[in-house]
Amino acid sequence: MNDILRAVADVGFPIVYSLATCALFQQVITVYLLMVFGKKLDRLSDAVEKLTNYIEGLKKVRDIKYIVLHHSATDYQKDKDDIGGKLIGRTICDRAQEKWKKQFPDYKCDYHFIIGHTGEVFKAQPIEQPAWHCTNYQANLVSVGICFLGNFENIEMPIEQFNAGVKLIKTLMGKYNVPLASILRHRDVVSDISHTSNSTECPGKNFPYIHMLDALRDGEPFFDTGEDYPYIAEVKFLKELGIIKGDGYGYFKPKEYITREEVMLIAYRVIKALQN
Ligand SMILES: [Zn+2]
């Protein structure tokens, strides 16, 4: 019996081996398998594709490019029972839900976060979904909207609210890889309805935007010169000496032309620094 098996193996194995390595045979087998299992394979690959898309969707719900800052333009001081801002925050969201309930039944709020005067942060619209916080549809799709309670046309921002804002923005910047130059005020976002620079004053003239950006900059001299900027050491050195100051809004604008006025000022500051 063993002899028979050995004989079969001796003859059979080379035949099976040569067939398996024969390209034509492999193609015939592949065509056969496709004919038999083709539809099932199609369905399987469909299911795999759907699952992959779903997992990709979970990983990256939407591309967040900007963080847009607003004020509520409400006078919080009138309501002493709502110092934290929970009630006014809820009213703002209720109004938004009422407005959008037909188009978006699950809509929660026009902002993703609301920050009260005492520094309390309220989560509003889920971050995975856009909120209609600007009149720019495209900007809404790729941004997070943060509303600071209060009317910063009239009042200054309390330090607790300021610090809570900085902390939240810092977390979001890290999580969604948003650069400092993409932290915008509502009024910086050009409307796609009127096609003019925005007509809104939001978040108000007293909103501490520049201070907020300074607090977020973490030692970077300017928003547009990060650690990868080739002359970062020179820029830092000259800024510390007060010889260069940027455009007054936190930007160095390294690629722009310099004016005679600016050259004169820089020369003056250099001479002054040498005299001291
Ligand atoms: Zn606004």
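Atoms within each ligand, like the ligands themselves, are counted from 1 in listed order.
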>> Using a 6.0 Å cut-off, check whether atom NZ of Lys167 has over 12 heavy atoms from anything other than its own residue.
In response: no
>> If I compare all heavy atoms of Met212 with all of Leu69, which pair ends up nearest, and what's the gap?
In response: SD-CD1, 4.1 Å
> Should Lys65 and Asp63 count as an ion pair when the cut-off is N to O under 4.0 Å?
Replying inline: yes
> Can you list the protein N, O or S atoms less than 2.8 Å from the Zn ion (ligand 1)?
Replying inline: His70 ND1, His186 ND1, Cys202 SG
> Just how far is it from atom NE2 of His186 to atom CZ of Phe207, taken to the nearest 0.5 Å?
Replying inline: 12.5 Å
>> Within this structure, what is the CD1-CD distance for the pair Ile114 and Glu120, rounded to the nearest 0.5 Å?
In response: 11.5 Å
>> I need the single residue from Lys101, Arg95, Lys102 that forms a salt bridge (Lys or Arg N to Asp or Glu O under 4.0 Å) with Glu98. Which is it?
In response: Lys101
